[in-house]
Number of protein chains: 2
Amino acid sequence: MNRMKKTRPLTPLELALLGLIHQDDRTGYDLCKIFETTPMGHYSSSPGAIYPALKRLEGRGLLSASVEKVGSMRPRKVYSLTPKGLEALKAWVTREVSHDDLVWRLDELLLRFSFMGQLVDRAVATGFLRRLAEGTAALIQGLEDHHRTMGDEHLPAGALPTGRLALEHGIGAYRNLMEWARRSLQQLEPPPNEEQRHG
Amino acid sequence: MNRMKKTRPLTPLELALLGLIHQDDRTGYDLCKIFETTPMGHYSSSPGAIYPALKRLEGRGLLSASVEKVGSMRPRKVYSLTPKGLEALKAWVTREVSHDDLVWRLDELLLRFSFMGQLVDRAVATGFLRRLAEGTAALIQGLEDHHRTMGDEHLPAGALPTGRLALEHGIGAYRNLMEWARRSLQQLEPPPNEEQRHG
DNA sequence: AAAAACATGTAAGCTGTTACATGATTGG
DNA sequence: CCAATCATGTAACAGCTTACATGTTTTT
């Protein structure tokens, strides 16, 4: 049985760190650079958050550190995933795509997907995209209903309909998401196999 | 001169509260409900954050509260903006649209825009959208360059190109944003004035 | 020689989360 | 009468931000 001390769930930052370290063993400094310079930086940044998070993950046994000392360089701690860390990462990326994920944590979903490449097989990744496309379609329905019943009539005279326009952006964003999921699905689907056709 | 004690910048939650209270005077409970049930809930939620934030804003003189007691009901504190609060809200929504805003705080930009309707005139709102469209166009350029130089060749054998696909979603999202800004711009532009054509 | 980048970390302060406390009013 | 909703809060805790400390290696 899995009888542990009741583990606190990992924070988004910790999960992002696991994913990045799984792609490639990295040092704290490497990770700081990535968060500073790439869109990944949504998940916070800066030594003050990253180094303590790495320590927490090491304490939990999800990461292991090995001190490297190339030539006369200052020693660097290179982190890599332990089997337990790999398991935790896999559990996260393969979590069910919930309604709440789509509404409140869209960028976490995209991060999960981008880490999937080296973690799961085609079937799991396409399943993720299918669930995402379904859920998004339902959401769009709801938003469009809301939009239809939201005329500009009740606006104070002279006020601009910026609220309605912002909602339209939201609808467009989800439509873009759905179409992307469907396009990506086609790209990930196994290419028509010539051998098979002949065999 | 503006010689104050060096005011800490307002948090996103505090700014969201100012905007919502400006739309309509509200109680803490009203605000909790809004965050619970609408996409606005990105900006946190739950009494534990909202009530203290309201108190902070009152302490700063940005909000004023009046206790209402309709019939035998439990007294409710209804908040409204002070002139200083209105000023702070206006300063926020009319802030320059920076590159960092587009990359790291897109939803804050949309929130600012949605609050603009009752705060600024057409010229300011369209200026905002123009800056947003410009900035986004530049961003898309950069992302597409990155995308072009990012082949799938270096991927480990068998790995799926989910990272590249996720990037494609990001590009699509910014494209959607830019097109939305341009459509909205047309909707906000003063309608062709018949009088003028005849005059 | 100086500045910038490499590299790791700590400390104070504040905000947000979760959970709880309290009590009135309304609906079934 | 019991549950749900209205309504306002507090307390413990944990994480993130900002700022600082420290020392090395590379670049200018």
Side-chain angles (χ1 to χ4, degrees), chain A residues 5-18 21 25-37 40-60 63 65-79 100 104-105 108, chain B residues 5-18 20-21 25-37 40-60 63 65-79 100 104-105 107-108:
Chain A
K5 263 217 224 85
K6 182 162 210 146
T7 43
R8 173 186 50 72
L10 296 167
T11 66
L13 174 58
E14 288 166 341
L15 292 162
L17 290 172
L18 288 185
I21 292 168
D25 295 353
R26 297 181 206 266
T27 68
Y29 189 76
D30 292 337
L31 294 159
C32 288
K33 287 286 116 174
I34 290 172
F35 284 115
E36 235 172 64
T37 58
M40 192 84 60
H42 263 265
Y43 301 89
S44 177
S45 54
S46 26
I50 290 171
Y51 284 105
L54 289 171
K55 246 185 200 169
R56 289 198 300 270
L57 291 169
E58 203 184 352
R60 277 174 164 225
L63 291 181
S66 72
V67 178
E68 241 182 39
K69 207 168 167 177
V70 181
S72 54
M73 270 234 291
R74 196 187 172 176
R76 314 166 342 125
K77 283 173 80 170
V78 181
Y79 287 97
D100 280 9
W104 312 109
R105 291 179 295 273
E108 194 183 311
Chain B
K5 263 217 223 84
K6 184 164 207 142
T7 44
R8 171 187 51 74
L10 296 168
T11 67
L13 173 59
E14 288 167 340
L15 292 162
L17 290 172
L18 288 184
L20 288 170
I21 291 168
D25 294 354
R26 296 180 206 267
T27 68
Y29 188 75
D30 293 337
L31 294 160
C32 287
K33 285 286 115 170
I34 290 172
F35 284 116
E36 235 172 64
T37 59
M40 193 83 61
H42 264 263
Y43 301 89
S44 179
S45 54
S46 26
I50 291 171
Y51 285 105
L54 289 170
K55 245 185 201 167
R56 289 197 300 269
L57 291 169
E58 203 184 353
R60 277 175 164 224
L63 290 182
S66 72
V67 178
E68 241 182 39
K69 207 170 167 175
V70 181
S72 55
M73 271 234 290
R74 197 190 171 170
R76 313 166 343 125
K77 283 173 81 171
V78 181
Y79 287 97
D100 280 8
W104 312 109
R105 291 179 295 273
D107 28 352
E108 195 182 311

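Protein chains get the first letters and strands the later ones, always in sequence-line order, with residue 1 at the start of each.
Taking each heavy atom of B/D30 and B/R26 in turn, the nearest pair found is OD2-CA, 3.7 Å. Among all heavy-atom pairs drawn from B/A65 and B/E58, the shortest one is CB-OE2, 3.7 Å. Residues B/K33 and B/T37 share a closest heavy-atom pair of O-OG1, 2.8 Å.
As rounded to whole Å, 7 Å separates atom P of C/dT8 from atom CZ of A/R76. For A/Y51 and D/dA19, the OH to P distance is 19 Å, given to the nearest whole Å. Separating the CG atom of A/L10 from the P atom of D/dA14 is a distance of 15 Å, rounded to the nearest angstrom. What separates CG of A/L17 from P of D/dG15 is a distance of 13 Å, to the nearest Å. Rounded to an integer number of Å, the gap from A/F35 CZ to C/dA7 P is 17 Å. In this entry the distance linking CD of A/E68 with P of C/dA7 reads 10 Å, nearest Å. Taking atom CD of B/E36 as the reference point, atom P of D/dT5 lies 11 Å away to the nearest angstrom. Summarising the geometry, the separation between CD on B/E58 and P on D/dT8 is reported as 12 Å, rounded to the nearest angstrom.
For A/K77 and C/dG9, the shortest distance from a side-chain N or O to OP1 or OP2 is below 4.0 Å.
Considering only the side chain of B/K55, D/dT10 comes nearest among C/dC6, D/dT10, C/dG9. Of the candidates C/dC6, C/dG9, D/dT8, C/dG9 carries the atom nearest the A/Y79 side chain, counting heavy atoms from C-beta on. For A/Y29, counting side-chain heavy atoms from C-beta on, the closest listed nucleotide (D/dG9, D/dA7, C/dC6) is C/dC6.
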Protein-nucleic acid N or O pairs under 3.5 Å, nucleotides 15-20 of chain C:
from   : atom 1 : to    : atom 2 : distance (Å)
C/dT15 : OP1    : B/R8  : NE     : 3.0
C/dT15 : OP1    : B/R8  : NH1    : 3.4
C/dT15 : OP1    : B/R8  : NH2    : 3.1
C/dG16 : OP2    : B/R56 : NH2    : 3.2
C/dT17 : OP1    : B/S44 : OG     : 3.4
C/dT17 : OP2    : B/S44 : OG     : 2.3

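Within the 4.5 Å cutoff, the side chain of B/M40 has heavy atoms near those of the B/L20 side chain.
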Verdict with supporting geometry, A/R60 and A/L10, side-chain contact (heavy atoms from CB on, under 4.5 Å): CA-CA 10 Å; A/R60 277 174 164 225; A/L10 296 167; 3.0 Å; yes
Pair B/T27-B/K77, side-chain contact (heavy atoms from CB on, under 4.5 Å): steps then yes or no: CA-CA 6 Å; B/T27 68; B/K77 283 173 81 171; 6.0 Å; no
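Remark: side-chain polar atoms of A/S46 are not paired, donor with acceptor, to backbone N or O of A/A49 under 3.5 angstrom.
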